[in-house]
Amino acid sequence: MKLRTIIVEDEQLSRETLSTYLKKYCPEVDLIGMAKDVREGKALIETAKPDLVLLDVEMPYGNAFDLLESLNEISFETIFITAYSHYAMRALNFSASYYILKPIDIEELINAVKKVYESKKNNETNVHTKTLVENIKTVSDQSKKVVLPTMEGFDVVEVQDIVRCQGNDNFTDFYLKDGTKKMICRTLKFYDEILKDFGFMRVHRSHMVNLNYITSYKRGKGGTLTMIDGSEVDVSPGKKQELLTLYQV
C-alpha cells in the first residue's frame with residue numbers, strides 16, 4: 001500500500017523541495033500532483049482523491065483552513081506545513097494534527113509520513129483532519145473537540161465533557177463528566193497552552209480545571225475547589241487571587 005499524495009504549497013522552491021524529499025526519503029508515498037494555491041488545491045483534491053495532502057497553512061486566496069472548510073468531504077489525512085503562528089498551532093494541536101515547521105526538517109517529514117501511513121494501515125479514518133474541520137465550523141468553544149493521544153491510540157472528546165486535568169509526570173490524567181478517567185500521552189503544560197482560552201484555568205502546578213464545572217470554593221492558604229463530579233482540587237497560593245478575581249470575589 002502506498003499513500004496517494006499531493007502537495008499544496010504556494011512557493012515553487014518549497015514544492016520542489018518537498019517533492020524531492022518525498023521521493024528520496026518516503027517510500028510509503030506516491031506523489032500524484034501539486035498545486036500552488038487554495039483554488040488549485042481544492043480542484044486537485046476533488047479530482048485526484050488523495051490519501052494524504054501536504055498543505056501549506058498560509059497561501060494566496062485563503063489559508064489551509066479555508067481550503068478544508070470548502071470541501072464537501074474529507075477523505076484524506078493532512079500534514080500541515082507552517083511557519084509558527086499561535087492561531088495555527090493551537091488549532092493543529094487541538095486536533096493532534098500532523099505538522100512540520102518551516103524550514104522543513106527531513107526527519108520531521110519522515111516521521112509525520114510514517115504516522116499517517118500507520119494510521120491508514122490501522123483503518124483510522126482521517127480523524128485528525130475531520131476533527132480540525134469540525135472545530136473550524138463550531139462557534140461555541142466548549143463544543144469543540146480535542147484529540148487525545150493514549151497508549152493504545154487516541155480518543156476524541158468534546159471540551160465540554162472535560163471536568164479537570166491532572167499532571168502525571170509526562171502524562172496528563174483527564175477526568176470527564178461521565179466519570180471516566182483517561183491517561184493521555186502529553187504533559188499538563190501542553191494542554192494548559194491549548195485549553196486556557198477555552199474556559200480552563202491552571203490553578204495549581206498539577207491541576208487545571210474547567211471553570212464551568214466549579215461548584216464551590218473553600219478558603220485556605222490557597223484554597224480548595226469542589227468540582228461538579230465531587231472531586232476536590234487544591235489551589236496554589238499564587239493562583240488564589242487570579243481565581244477570586246475571575247469570580248469578582
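- Remark: K2 NZ is packed, more than 12 non-hydrogen atoms of other residues, nucleotides or ligands lying under 6.0 Å away.
- Qualifying side chain to side chain contact (heavy atoms under 4.5 Å, CB included) partners for T215, counting only residues two or more places apart in sequence or in other chains: T226, I228.
- Looking at residues two or more places apart in sequence or on another chain, you find no side chain to side chain contact (heavy atoms under 4.5 Å, CB included) involving K24.
- The side chain to side chain contact (heavy atoms under 4.5 Å, CB included) search around E152 returns T150, not counting sequence neighbours.
- Pairs passing the ring-ring contact (aromatic ring centres under 6.0 Å, His included) check and including a residue from residues 161-196, sequence neighbours excluded, read F174-Y191.
- Every residue two or more places apart in sequence or in another chain was checked for a salt bridge (charged side-chain N to carboxylate O under 4.0 Å, His left out) with D178, and none qualifies.
- Sequence neighbours left out, the pairs with a member in residues 81-101 that pass salt bridge (Lys or Arg N to Asp or Glu O under 4.0 Å) are R90-D197.
- Listed by first and then second residue, the ring-ring contact (aromatic ring centres under 6.0 Å, His included) pairs involving residues 90-120 are F94-F198, Y98-H128 (not counting sequence neighbours).
- Here salt bridge (Lys or Arg N to Asp or Glu O under 4.0 Å) pairs that include residues 94-109, with residues two or more places apart or in two chains, are E9-K102, D56-K102.
- For K144, there are no salt bridge (charged side-chain N to carboxylate O under 4.0 Å, His left out) partners at least two apart in sequence or on another chain.
- Counting only residues at least two apart or on different chains, the ring-ring contact (aromatic ring centres under 6.0 Å, His included) pairs with a member in residues 14-70 are F65-Y87.
- Remark: K196 pairs with E193 by the salt bridge (charged side-chain N to carboxylate O under 4.0 Å, His left out) rule, at least two apart or across chains.
- Every residue two or more places apart in sequence or in another chain that forms a side chain to side chain contact (heavy atoms under 4.5 Å, CB included) with E158 is listed here: K145, Q160, D161.
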